[in-house]
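Numbering starts at 1 and runs along the sequence shown. Both backbone and side-chain heavy atoms feed into the values below; hydrogens, waters and symmetry mates do not. What you see is a predicted model; the values in this text were computed from it and never measured.
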Amino acid sequence: MKKIAFLILVSFIFLLNSCKDEAEVYDGQPFLHFNKGTSGEAVVKQGTGSTTVNIDFGTIQSLSGAAQVKLVVDKTVSTAVEGTDFQILTPEVTVNAGQISGQFQVKLLEATATVEPKVIVFKLQSGTIPNATFDQTYILRYTKSCLFSITPFSGTYTVVTDTWADYNPGDTVVLQQGPLPNQFKILASNNPYISNFSTAYMLVTVNTDGEITVASNEAFNYGGSTGALGISGSGTVNFCTGAINIDDLDFSGPGGSSLNNKFTLVKN
């Protein structure tokens, strides 16, 4: 009897698992959606002319017959303009029977790309495949990046932020290039708080990726209890606009220190 009861129990468990597996099989509409994320970012590099990005889509099950899917632009919320800023190289894609996914290609044009992000909002459209209730919008943000050049970093700049408060927003500072090909100086000639303003400067060394390191050529002499302070820091520059963002600027000397100051400049 125990053996018979055991066999009945095993058969019952097998039947439950079979029913469970059958319940997980989907046999409805394929439903169309963006299947590899609903947003993306891209960079158009200076000198390339354009950059091509892929946008993936899919259905929740394979198709029983071939169908066409279109990539359309939502012009009401996009800031980039089709034909001027970008081109859809594959506006319509055929998904064949048995397939479950496809891919569009979009060309982003360098001529109108900017350092400020442009946005394209895409949607899917098909005459034969219904849209799903999820993942129906794809947002592509893209910017322009410029090649390494030390040329922009000279002349007069306007102070945007100075948390150390040597300068007020709107004050002017002067930059000079050198001494090395990847360096420039932020002169202290307009700094009203130091006595050695005619000789002191911050030397900025620029990497090809836009990362920078900062060091003073000599201590900035503030006098009084503050005394002489050496300067070091790091940040980034924008090769397209010449903007300078020193987001970690440290002042230190025998009298104390002030760390993690911000100093940002824009080219006039």
Side-chain angles (χ1 to χ4, degrees), residues 14-147 209-210 238-241:
F14 178 77
L15 179 62
L16 285 177
N17 287 334
S18 298
C19 292
K20 182 180 178 182
D21 291 341
E22 289 176 4
E24 291 177 350
V25 176
Y26 177 77
D27 193 29
Q29 294 279 9
F31 291 117
L32 189 63
H33 66 109
F34 291 105
N35 65 343
K36 293 186 178 180
T38 56
S39 64
E41 295 184 355
V43 175
V44 183
K45 294 183 179 180
Q46 181 185 28
T48 59
S50 64
T51 294
T52 300
V53 298
N54 298 323
I55 299 177
D56 294 281
F57 70 94
T59 56
I60 62 175
Q61 73 170 7
S62 58
L63 300 184
S64 58
Q68 282 69 47
V69 180
K70 292 181 179 180
L71 185 68
V72 295
V73 179
D74 188 342
K75 297 179 182 180
T76 62
V77 288
S78 298
T79 60
V81 178
E82 185 176 2
T84 301
D85 299 317
F86 67 95
Q87 300 168 351
I88 302 177
L89 299 180
T90 50
E92 186 173 76
V93 171
T94 299
V95 183
N96 292 316
Q99 293 182 336
I100 199 170
S101 62
Q103 190 177 78
F104 298 101
Q105 289 190 319
V106 178
K107 179 187 283 189
L108 308 174
L109 305 178
E110 179 194 343
T112 55
T114 60
V115 294
E116 294 298 323
K118 289 191 174 185
V119 178
I120 317 171
V121 179
F122 295 104
K123 293 184 179 296
L124 296 168
Q125 189 179 91
S126 175
T128 54
I129 310 174
N131 289 71
T133 58
F134 54 87
D135 298 343
Q136 291 300 296
T137 299
Y138 187 92
I139 302 173
L140 177 63
R141 295 179 176 86
Y142 72 97
T143 58
K144 180 180 180 179
S145 70
C146 294
L147 300 176
D209 61 359
N238 188 308
F239 296 123
C240 295
T241 64

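Shortest non-hydrogen contact noted between Glu116 and Thr143 is C-CG2, 4.2 Å. Among all heavy-atom pairs drawn from Ile129 and Pro30, the shortest one is CG2-CG, 3.9 Å. Closest of all the heavy-atom pairs between Asp85 and Ala80 is OD2-CA, 3.3 Å.
Note that CD of Gln103 and NZ of Lys36 are 7.0 Å apart. Values are rounded to the nearest 0.5 Å. To the nearest 0.5 angstrom, Phe86 atom CZ is 9.5 Å from Leu109 atom CG. One distance of note links CG of Leu108 with CD of Gln87; it measures 10.0 Å at 0.5 Å rounding. Annotation: the span from Gln136 atom CD to Phe122 atom CZ amounts to 15.0 Å, rounded to 0.5 Å. Note that the CG atom of Asp135 and the CZ atom of Phe34 stand 9.0 Å from one another [nearest 0.5 Å]. Separation of atoms NZ (Lys107) and CD1 (Ile88) is listed at 13.0 Å; rounding is to 0.5 Å.
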Item to check | Derivation and outcome, side chain to side chain donor-acceptor pair (under 3.5 Å), residues Glu110 and Ser50 | outcome: CA-CA 5 Å; Glu110 179 194 343; Ser50 64; over 6 Å; no

Next on the checklist: Before you tell me yes or no, could you show the steps for Tyr138 and Ile120 under side-chain contact (heavy atoms from CB on, under 4.5 Å), namely the whole-Å CA-CA distance, both residues' side-chain angles and the distance that decides it to 0.1 Å?
Outcome noted: CA-CA 8 Å; Tyr138 187 92; Ile120 317 171; over 6 Å; no

Next on the checklist: Thr137 vs Lys123, test: side chain to side chain donor-acceptor pair (under 3.5 Å). Steps then yes/no.
Outcome noted: CA-CA 5 Å; Thr137 299; Lys123 293 184 179 296; 2.8 Å; yes

Item to check | Audit row: His33, Phe57, ring-ring contact (aromatic ring centres under 6.0 Å, His included) steps and yes/no | outcome: CA-CA 6 Å; His33 66 109; Phe57 70 94; 9.2 Å; no

Next on the checklist: side-chain contact (heavy atoms from CB on, under 4.5 Å) for Val53 and Leu140? Distances and angles first, verdict last.
Outcome noted: CA-CA 9 Å; Val53 298; Leu140 177 63; 3.7 Å; yes

Item to check | Glu92/Leu71 under side-chain contact (heavy atoms from CB on, under 4.5 Å): CA gap, chis, key distance, verdict | outcome: CA-CA 6 Å; Glu92 186 173 76; Leu71 185 68; over 6 Å; no

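By the 4.5 Å heavy-atom criterion applied to side chains, Asn131 and Leu124 are counted as neighbours. Asn96 is not listed as a side-chain neighbour of Leu63, based on a closest heavy-atom distance of 4.5 Å or more. A heavy-atom distance below 4.5 Å is not found between the side chains of Phe31 and Thr133. Looking only at side-chain heavy atoms (C-beta outward), Asn35 and Ser101 come within less than 4.5 Å of each other. Side-chain contact between Ile139 and Val119 is present, with heavy atoms from C-beta onward closer than 4.5 Å. Contact of the Val73 side chain with the Glu82 side chain is registered, since non-hydrogen atoms from C-beta on lie closer than 4.5 Å.
Here the side chain of Gln46 pairs no donor or acceptor atom with the backbone of Cys146 at under 3.5 angstrom. With Gln99 contributing its side chain and Ala97 its backbone, the two residues share no donor-acceptor pair below 3.5 Å. Formation of a donor-acceptor pair under 3.5 Å by the Ser78 side chain with backbone atoms of Val121 is found in this model. Here the side chain of Gln68 pairs no donor or acceptor atom with the backbone of Thr128 at under 3.5 angstrom. A donor-acceptor pair under 3.5 Å is formed between the side chain of Asn238 and the backbone N or O of Thr241. Ser62 places no side-chain N or O within 3.5 Å of a backbone atom of Ile100 that could act as its donor or acceptor partner. For Thr48 (side chain) and Lys45 (main-chain N/O), a donor-acceptor pair under 3.5 Å exists by modelled atom type.
Each of Thr90, Leu89, Asn54 was evaluated against Phe104; a single residue qualifies, Thr90, per the side-chain contact (heavy atoms from CB on, under 4.5 Å) test.
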